[in-house]
Amino acid sequence: MPKVKWLKGLGMDDSQVAKTIANFPRDICGCRLQENLIPKVQGLRDLGLDDPSVAKVIVKFPTFFASSLEDNLKPKMQWLKDLGMHDSQVAAVIVRLPRLVGCSI
């Protein structure tokens with residue numbers, strides 16, 4: 001499966017990949033890799049997250065992939081920046097509290 005290989009490439013181990021897919025199959029398997037998953041991960045990378053940090057976000061909050069990049073993720077990142085945070089601070093908050101991207105602002 002290309003998605004399994006891709007998740008492992010981010011630094012997730014076999015048990016993390018299996019648990020993530022088993023618990024949230026629609027959010028991972030139901031999304032297109034090129035059109036959905038990769039752009040969302042790239043949004044995190046653009047903030048300065050490395051692949052191990054991206055993997056932590058996915059493991060802690062796999063429904064991250066169910067969130068819209070344009071309607072949900074980018075506005076939340078911008079909201080944190082509007083509060084005076086730099087990209088590195090926004091990245092640290094998302095790694096520590098990834099469920100934040102699922103909250104309403």
Side-chain angles (χ1 to χ4, degrees):
M1 283 182 86
K3 291 175 190 167
V4 170
K5 184 177 179 180
W6 179 72
L7 289 169
K8 287 182 180 182
L10 293 174
M12 294 174 70
D13 63 32
D14 289 340
S15 65
Q16 291 171 323
V17 170
K19 183 178 178 183
T20 300
I21 292 174
N23 290 334
F24 301 96
R26 188 177 59 117
D27 295 330
I28 307 296
C29 297
C31 295
R32 294 185 175 169
L33 189 59
Q34 294 295 327
E35 294 86 4
N36 190 297
L37 303 179
I38 291 173
K40 289 176 183 174
V41 166
Q42 188 58 49
L44 295 177
R45 286 177 175 151
D46 291 346
L47 286 173
L49 271 75
D50 58 9
D51 285 350
S53 296
V54 170
K56 286 180 186 177
V57 170
I58 295 167
V59 168
K60 289 180 182 177
F61 189 62
T63 57
F64 159 81
F65 287 127
S67 301
S68 166
L69 181 63
E70 296 300 323
D71 297 333
N72 188 9
L73 301 175
K74 284 185 178 180
K76 292 203 176 105
M77 291 177 197
Q78 187 58 51
W79 177 73
L80 291 170
K81 290 178 187 180
D82 291 346
L83 292 174
M85 294 182 160
H86 301 281
D87 284 354
S88 61
Q89 293 169 312
V90 172
V93 167
I94 290 173
V95 170
R96 184 170 279 156
L97 301 167
R99 292 180 188 266
L100 179 69
V101 297
C103 297
S104 296
I105 54 172

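All residue numbers in this chain count up from 1 along the given sequence.
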To the nearest 0.5 Å, what is the distance between [atom1] on [X] and [atom2] on [Y]?
X: Phe64; Y: Leu73; atom1: CZ; atom2: CG; answer: 5.0 Å
X: Ile38; Y: Trp6; atom1: CD1; atom2: CH2; answer: 6.0 Å
X: Ile94; Y: Arg96; atom1: CD1; atom2: CZ; answer: 13.0 Å
X: Gln89; Y: His86; atom1: CD; atom2: NE2; answer: 5.0 Å

side-chain contact (heavy atoms from CB on, under 4.5 Å) between Val17 and Ile21, worked out: CA-CA 6 Å; Val17 170; Ile21 292 174; 3.8 Å; yes
Evaluation steps, side-chain contact (heavy atoms from CB on, under 4.5 Å), between Met12 and Val54: CA-CA 9 Å; Met12 294 174 70; Val54 170; over 6 Å; no
Taking all atoms of both residues into account, what is the closest heavy-atom pair of [X] and [Y], and its distance?
X: Leu69; Y: Pro39; value: CD2-O, 3.9 Å
X: Asp50; Y: Ser53; value: OD1-OG, 2.7 Å
X: Pro62; Y: Val59; value: CD-O, 3.8 Å
X: Leu7; Y: Ile58; value: CD2-CD1, 4.3 Å
X: Ala55; Y: Gly11; value: CB-C, 4.3 Å
X: Leu100; Y: Lys76; value: O-CD, 3.6 Å

Any side-chain heavy-atom pair of Leu44 and Met77 under 4.5 Å: yes
Single-linkage hydrophobic cluster Phe24~Leu37, side-chain heavy atoms < 4.5 angstrom: no
[X] side chain vs [Y] backbone, donor-acceptor pair below 3.5 Å:
X: Lys60; Y: Val95; value: yes
X: Lys56; Y: Pro98; value: no
X: Lys40; Y: Ser67; value: yes

